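Below is one structure, written out as structure tokens; comments come after it.
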2 protein chains.
Amino acid sequence: MSTALDERDAKPAGQPIRRSGGREARRAMRAAPLADDIRPIRPGLEGGRYKPLGQDDLARIHEAVLTLLETVGFANAIPSCIEALTRVGASYDADGRIRFPRELVLATIKTAARNFTLYGQDPRHDMQVQGTRVHYGTAGAAVHLVDVERREYRESLLQDIYDAARLVEGLDNIHFFQRPMVPRDIPNPADMDFNTLYACVMGTSKHVGTSFTVRENVAPALEMLYAIAGGEENFRARPFVSNSNCFVVPPMKFAEDACGVLESCVEGGIPILLLSAGQAGATAPAAIAGAVVQAVAEVLAGLVYVNALKPGHPAIFGTWPFVSDLRTGAMSGGSAEQALLTAACAQMAQFYDLPGGSAAGMADSKLPDIQSGYEKGITNVMAGLSGLNLVYESAGMHASLLGFCLESLIIDNDMLGHCQRCVRGIEVTDAALSIDTIAEVCLNGPGHYLGNEQTLRLMQTEYFYPAIGDRFSPKEWNEKGKPDILQRAIVEKKRVLAERFPRHVPRQVDDRLRAKFANILLPRTGMGG
Amino acid sequence: MSTALDERDAKPAGQPIRRSGGREARRAMRAAPLADDIRPIRPGLEGGRYKPLGQDDLARIHEAVLTLLETVGFANAIPSCIEALTRVGASYDADGRIRFPRELVLATIKTAARNFTLYGQDPRHDMQVQGTRVHYGTAGAAVHLVDVERREYRESLLQDIYDAARLVEGLDNIHFFQRPMVPRDIPNPADMDFNTLYACVMGTSKHVGTSFTVRENVAPALEMLYAIAGGEENFRARPFVSNSNCFVVPPMKFAEDACGVLESCVEGGIPILLLSAGQAGATAPAAIAGAVVQAVAEVLAGLVYVNALKPGHPAIFGTWPFVSDLRTGAMSGGSAEQALLTAACAQMAQFYDLPGGSAAGMADSKLPDIQSGYEKGITNVMAGLSGLNLVYESAGMHASLLGFCLESLIIDNDMLGHCQRCVRGIEVTDAALSIDTIAEVCLNGPGHYLGNEQTLRLMQTEYFYPAIGDRFSPKEWNEKGKPDILQRAIVEKKRVLAERFPRHVPRQVDDRLRAKFANILLPRTGMGG
């Protein structure tokens with residue numbers, strides 16, 4: 001992202017208040033890179049200052065959840081699931097439903113894994129998911145790539161997934177990479193699962209999330225991951241891939257294939273994102289509180305399941321209730337109701353002190369336009385302020401999960417920078433209250449704060465600067481030929497995709513993978529040769 | 001805004017989950033207009049669930065403010081200001097500064113006007129500004145109109161102000177109209193002030209905010225307002241115009257002309273927006289907390305001033321600290337730091353239980369593009385969630401207050417609808433928790449909630465639907481010729497401006513005004529003939 005920024009540093013933008021006041025000093029400071037601990041934003045900033053639910057609301061939702069699990073339970077459990085759950089105390093009833101006594105649910109909540117780390121291949125990208133620490137990342141299963149230049153939707157391809165991964169590799173405000181698209185050029189599900197994962201882990205050293213269609217597709221994936229990690233133990237010690245697992249078909253039914261996948265992933269050492277994706281008004285209640293209740297109940301059922309298989313296996317509390325436009329039944333990912341649902345889910349995860357993941361940033365808009373901007377901005381900032389540990393779908397997504405856009409990734413990285421700066425919040429210390437600074441400036445000083453010691457000190461540590469966002473004055477904007485943010489993003493995308501071919505997986509490891517797995521379909525030519 | 005909506009109701013959009021399930025019933029319900037009290041959003045929804053500052057932070061800021069007012073005080077008071085302030089106990093010191101004993105400030109806070117109403121010409125638009133009730137409106141002094149079709153900035157004209165006012169008249173989610181542009185076609189300040197106000201009050205029956213250059217320009221304005229109100233008493237009983245008054249030149253200096261205006265407005269019965277617009281890092285401290293401290297101190301000084309002139313005169317706590325891009329000194333209205341400043345100011349107003357007004361929605365972006373979308377969405381939703389009573393600049397603004405855009409007004413009305421739905425929050429009642437609904441659907445029902453009684457009941461009262469925002473599926477979007485939101489806004493703007501010529505001020509009253517004031521410059525032809 002250095003191009004856009006450098007250009008502006010070289011010729012400062014905006015409407016200067018005055019041209020004096022230490023600009024050279026400011027520019028010199030700005031040129032030096034910042035140590036991670038004094039950067040204005042970073043992964044894992046603590047949110048939680050926005051609380052859509054009151055304490056009493058949380059308790060009532062919890063109580064409703066326990067009642068539902070006890071009285072309604074889950075249908076469609078596969079035999080191994082029935083075996084695991086009845087072994088720990090669930091009942092398998094005559095109507096074919098598994099029901100969960102509240103003691104079982106409460107005991108599971110108490111002993112489930114918490115405060116764990118989601119690892120990157122590169123330890124710099126490790127994420128501690130706990131408390132109200134906030135991380136933003138991608139996700140999805142879009143079937144289209146949004147081609148901004150042609151203004152059209154085309155089928156998404158394997159290369160697009162790899163390209164998205166390597167873009168994310170360099171976007172500081174996107175902290176993890178869950179596969180955002182499905183490769184429509186690979187019809188065979190086994191090849192699709194394997195190559196999707198391959199494209200993700202080769203494209204980025206950040207934590208990767210992926211899905212599997214059926215249980216049988218997990219084993220070859222594990223073999224690949226163990227090979228990349230340099231052995232099974234290494235992977236199990238630092239699993240850098242998690243399984244996004246839709247184990248539930250809302251309302252309150254197990255998804256048979258996904259449950260098989262879940263069991264294999266637990267066995268193989270892959271953390272599970274327990275993903276309940278009901279849609280309010282369609283597969284979940286239209287009442288927002290009810291949609292939260294159902295999602296929490298569903299994920300807790302999954303949590304009991306995972307812990308029945310392997311106590312303490314890392315699982316993410318993935319309440320992802322979506323919203324329907326009730327006029328049509330279509331999903332509306334960019335809606336205000338979605339923002340509320342997601343923030344409420346963050347609070348429920350905190351109520352249980354479990355690592356929470358939910359979705360924000362899903363625009364209804366088809367293109368990176370003003371609508372997508374406010375839809376993404378509102379949903380993402382509320383997710384962050386609520387202290388959601390893992391904000392999935394936060395970048396690149398359009399058309400309520402049907403289209404993914406590489407240019408949007410680049411623009412959304414700035415937007416997420418804004419969100420993270422908001423999450424970081426306001427420091428109130430004696431120094432920050434600035435009594436002495438104000439008195440000095442007013443009584444003995446120049447009557448302004450430009451060039452003031454405090455200003456110079458805080459300009460890098462307190463202020464976030466967008467990389468591609470435009471702060472030109474109208475005059476400068478005009479003189480520069482009215483730059484368009486989409487055009488800038490297109491240029492930046494092309495620059496990065498021409499240059500960045502991550503090599504965190506050494507070439508010789510890749511050679512061995514290609515020798516072993518004949519079905520690797522991403523050509524070397526698409527990976528920098 | 002009915003066009004876009006009707007089109008979509010006629011041919012439902014999106015990705016239907018299933019085509020059955022009571023769509024006809026939903027459409028029939030949707031066709032009936034909603035009573036105001038069950039609309040999903042409305043003016044004055046209560047925010048406050050987002051609190052950027054802790055209780056202790058608030059107390060520390062308050063203490064710093066009292067110290068500053070006592071020890072630093074204000075320079076540049078005009079004689080009548082010195083007279084008024086020293087009369088109530090402020091000191092006028094040898095260094096030419098007015099200082100405010102803490103007892104004076106505390107006593108003023110205690111007795112100042114609160115819980116008052118800002119009136120519209122039409123009582124439907126009255127706003128009770130108190131507690132955490134949220135209202136969104138325009139503001140600004142942009143010198144350019146953003147011409148979306150030509151993709152250029154041109155000087156703003158008197159007709160533009162009138163056009164903006166009549167657009168706002170029909171945009172439900174914009175609750176008041178403070179003049180957003182200055183008429184660059186009127187060089188004479190007296191004519192400019194008078195005609196600006198005329199264009200505003202003729203264009204909308206919502207509450208209007210305006211400015212005056214100098215004290216002498218207030219009297220003719222009052223004469224016009226009294227005439228429109230049908231007499232001075234009527235206006236004083238329901239003042240439908242407030243004065244946006246920059247009485248302070250930050251840091252901590254009175255603005256001489258504005259103070260003269262303030263005194264005339266107080267005398268004439270016009271509520272005052274006490275507007276402190278320091279810019280962090282330039283005319284206010286770069287530390288966010290310090291910028292808040294200075295803004296609060298400045299507005300409290302103004303509050304003492306107003307109450308010294310006339311105890312209990314309605315005044316809005318207008319802490320509007322702005323942000324500098326510290327690399328250049330230019331203002332950055334769309335920044336994350338701006339969102340934090342504004343939300344913190346909302347909390348300070350609540351700390352004093354005074355009606356608070358601050359600014360959000362100021363995009364740095366020059367056009368209604370994705371950047372402006374996220375900048376506006378993030379800042380506006382945080383302002384609302386923080387419970388800011390009056391969110392100024394919330395619609396139409398670009399280029400950090402230098403450009404105003406009529407098409408953005410229309411698009412931002414949807415964005416503000418999202419914000420208001422988020423402010424409304426989540427209802428947690430037994431019915432909303434939906435235990436019975438979920439049990440019924442899972443155990444005895446169809447396994448989904450489409451067409452469910454709850455779904456039908458909540459679809460209008462719980463869900464906000466954008467008027468111009470697009471929720472088409474990619475397929476439908478393609479079939480419809482890839483509609484562009486800017487094009488839709490242009491069409492809608494032209495439709496409204498061709499049709500809507502508000503007549504809340506009867507023609508005969510306007511005739512009398514035109515007979516009395518030869519300097520009315522807005523031609524009848526621009527007002528529908």
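This one's a predicted model, so the numbers in the text were calculated from it and none came from an experiment. Order of the sequence lines fixes the chain letters, A, B, ..., with proteins taken first and strands second; residue numbering starts at 1 for each chain. Both backbone and side-chain heavy atoms feed into the values below; hydrogens, waters and symmetry mates do not.
Using a 4.5 Å cut-off between heavy atoms, E152(A) touches chain B through backbone and side chain atoms alike. Heavy atoms of I61(A) lying under 4.5 Å from chain B belong to its backbone as well as its side chain. V428(A) touches chain B through backbone and side chain together, each having a heavy atom under 4.5 Å away. Residue A339(A) touches chain B through its side chain alone, counting heavy-atom pairs closer than 4.5 Å. For T379(B), no part lies near chain A; criterion is any non-hydrogen pair under 4.5 Å. For V323(A), the part lying near chain B is the side chain, with the backbone staying farther off; criterion is any non-hydrogen pair under 4.5 Å. With a threshold of 4.5 angstrom between heavy atoms, L53(A) approaches chain B through its backbone and through its side chain. For L340(B), the parts sitting under 4.5 Å from any heavy atom of chain A are the backbone and the side chain alike. Neither the backbone nor the side chain of S386(A) comes within contact range of chain B; no heavy atom of the residue lies under 4.5 Å from a heavy atom of that chain. Contacts of Q420(B) with chain A are absent, with no heavy-atom separation under 4.5 Å from either backbone or side chain.
Put simply, the side chain of T67(B) never gets that close to the backbone of V65(B): no donor and acceptor are under 3.5 Å apart. At distances below 3.5 Å, not a single donor-acceptor pair connects side-chain atoms of R327(B) with backbone N or O atoms of Y465(A). The closest donor-acceptor contact from the side chain of Q454(B) to the backbone of P285(A) lies at 3.5 Å or more, if one exists at all. Using modelled atom types, one side-chain atom of D414(A) and one backbone atom of G469(A) make a donor-acceptor pair closer than 3.5 Å.
Listed by first and then second residue, the salt bridge (Lys or Arg N to Asp or Glu O under 4.0 Å) pairs involving residues 422-435 of chain A are R424(A)-E462(A), D430(A)-R60(B) (not counting sequence neighbours).
Using modelled atom types and a 3.5 Å distance limit, the side chains of S365(B) and H398(B) yield no donor-acceptor pair. Side-chain contact of E440(B) with Y449(B): a donor-acceptor pair under 3.5 Å is absent, judged by distance alone.
Options V441(B), N380(B), T429(B) differ in how many heavy-atom pairs under 4.5 Å they form with chain A, and the most are formed by T429(B).
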